[in-house]
Amino acid sequence: MASLSSCFAISPSKSRRISSSPRHLPTPRPAVAPFPGVSCTVPNFRASRLVVRSSSIDVTTPIRPGAAVETDKLPADVRNRTMDAVDGCGGRVTLGDVASRAGLKLNEAQKALQALAADTDGFLEVSDEGDVLYVFPKDYRTKLAAKSFRLKIEPLVEKTKSTAEYLIRVSFGTALVASVVVVYTTIILLLSSRSDDDRRERRSSRSYGSGFNIYFNPIDLFRRRRQQVDVNENMNFLESIFSFVFGDGDPNQGLEEERWKLIGKYISSNGGVVTAEELAPYLDLRTTDMNDESYVLPVLLKFDGQPEIDEEGNILYRFPSLQRTASSQRSGRKEYVGKSKRWADWVGGIQNYLEEKKLEFSKTNASERALVIGLGGLNLFGVVVLGAMMKEMTINQGGWIQFVRSIFPLLQVYAGSFFAIPLVRWFLVSKSNAEIEKRNRLRKEFAKVLELPDISLRRKILSARDMAQKTVIGQDRIVYSTERDIIEQNVEAEDWERRFREIENKPE
């Protein structure tokens, strides 16, 4: 078998196009090895030029295993999305398959596939039209995990990160309980240090005994909270304190990845040719005016698309790399425009517009928020009272009182920020949700336009469907593979060409 470590060198300046006719099959020729000390032969394609369908593919880039794990150089997100796309296609993919399924740029997908092929004993196949396919063994994930130290420690790193985040959330809630304990303990000590008469007077007038019960109320509330049926079973009371102050993160954190996956799948399922109006429901447009189609530029750059003009003068957008696939699965794309109500929700199994989730102020329920606000208010009230009492102190006391005096600025900052941060965050969340709602409304309007298009738009979309094409590259179209020995493949090719010539020269 010609392994990837041998060679795969097809120079663009010396490469030739492979005709679909059997007479133009590869014959061997010497080639300059891409690595010092390695000799090999590659096919000599006898037609005009070999055209690699994906313009971003540089087949002169060596793909070979080595001491370094090439996959470790990739961002973890790119690697995982690429591997998921490979699994979804059954382990045999084109560059367009991975780019459309994973929502990656073509050059990102190419680098990821080359790295995976080098590290997992994958191999390349070349079709009769110059398409490059990447083929991976079924156990490629196991091979990669055994070779990559990064993959081995990533679960531990993620677990450590998750534990650290949990400890931070719990520590912030614990700090509130600790602050209440410190503040009210200090108040009690200050009151007890007064004269017996003054202490009796304060006990009678301020109901000192009930104040002591207030000190225990947070613990009692916490105990009652644990006895309640929690809607969010994964969040305890201490975590709900952090959630109230800082929130629970952005629910749209993976929005961009989802956006490009939807766009890539939509283009691929519709034969690689679409209109600007079809892409609008997945993008962020500020207006419904669609005369300016410059919003399509990011998609063209992402998937190496190009504008084309149809016979009626409409601008359509073709994505050649997304028209070539190794998967034989039917795309299930829509055949009729504007007649199916089901298309209001799905187009060939693809969501017909991108919907952002609104930000939540906090995932805590009403009872949890009431407990958190009550405990925070109790702490704030205690800090205000303790600050006033410390100002009245004329004699410096040591021990616990002196310690509390030294950390009292921190207690003030904590008590104040406990309500200041949520207040500011509430305004920001409200503003962000208004913008999200506006973007969702515009995308939904664009989707409704496609659901019931006017005559002009309908003709434009039908024109795009007429120009669409999807080529499935099966094993019968493979003329070269690095999995098998090049001489073996050449013997088969010569036999095919000989028999074809005999049939061609046979007199009628």
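Not measured: the values here are computed from a predicted model.
With sequence neighbours excluded, no residue forms a ring-ring contact (aromatic ring centres under 6.0 Å, His included) with F446. The side-chain contact (heavy atoms from CB on, under 4.5 Å) test applied to T186 returns V182, L190, L386, M390, W400, I401, V404, not counting sequence neighbours.
For E239 (side chain) and N236 (main-chain N/O), a donor-acceptor pair under 3.5 Å exists by modelled atom type. Of the possible donor and acceptor atoms, none in the side chain of S148 sits under 3.5 Å from a partner among the backbone N and O of L144. In this structure, Y184 contributes its side chain and L378 its backbone to a donor-acceptor pair below 3.5 Å. A donor-acceptor pair is defined here as one N or O able to donate and one able to accept, closer than 3.5 Å; such a pair exists between the side chain of S240 and the backbone of F237. A donor-acceptor contact shorter than 3.5 Å links the side chain of R369 to the backbone of T364. Between the R439 side chain and the D284 main chain, no donor and acceptor come within less than 3.5 Å of each other.
Of the N and O atoms on the side chains of T71 and D119, at least one donor lies less than 3.5 Å from an acceptor on the other residue.
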Please evaluate residues R141 and D84 with respect to the criterion salt bridge (Lys or Arg N to Asp or Glu O under 4.0 Å), reporting the C-alpha separation (whole Å), side-chain torsions for both, the decisive distance (0.1 Å), and the verdict.
CA-CA 11 Å; R141 283 183 177 267; D84 291 340; 3.2 Å; yes
Does D248 form a salt bridge (Lys or Arg N to Asp or Glu O under 4.0 Å) with R169? I'd like the steps, not just the answer.
CA-CA 10 Å; D248 302 286; R169 295 173 67 91; 3.2 Å; yes
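Residues in residues 261-271 take part in these salt bridge (Lys or Arg N to Asp or Glu O under 4.0 Å) pairs, two or more places apart or across chains: E257-K261.
Note: F172 and Y414 meet the aromatic proximity criterion, with ring centroids under 6.0 Å apart.
Counting heavy atoms from C-beta outward, E293 and I315 have side chains that approach closer than 4.5 Å. Using a 4.5 Å cut-off on side-chain heavy atoms (C-beta onward), I263 and L279 make contact.
Ring planes of F319 and F303: perpendicular class, angle over 60° (limits at 30 and 60°).
Under the 6.0 Å distance and 45° angle rule, R425 does not count as a cation-pi partner of F246.
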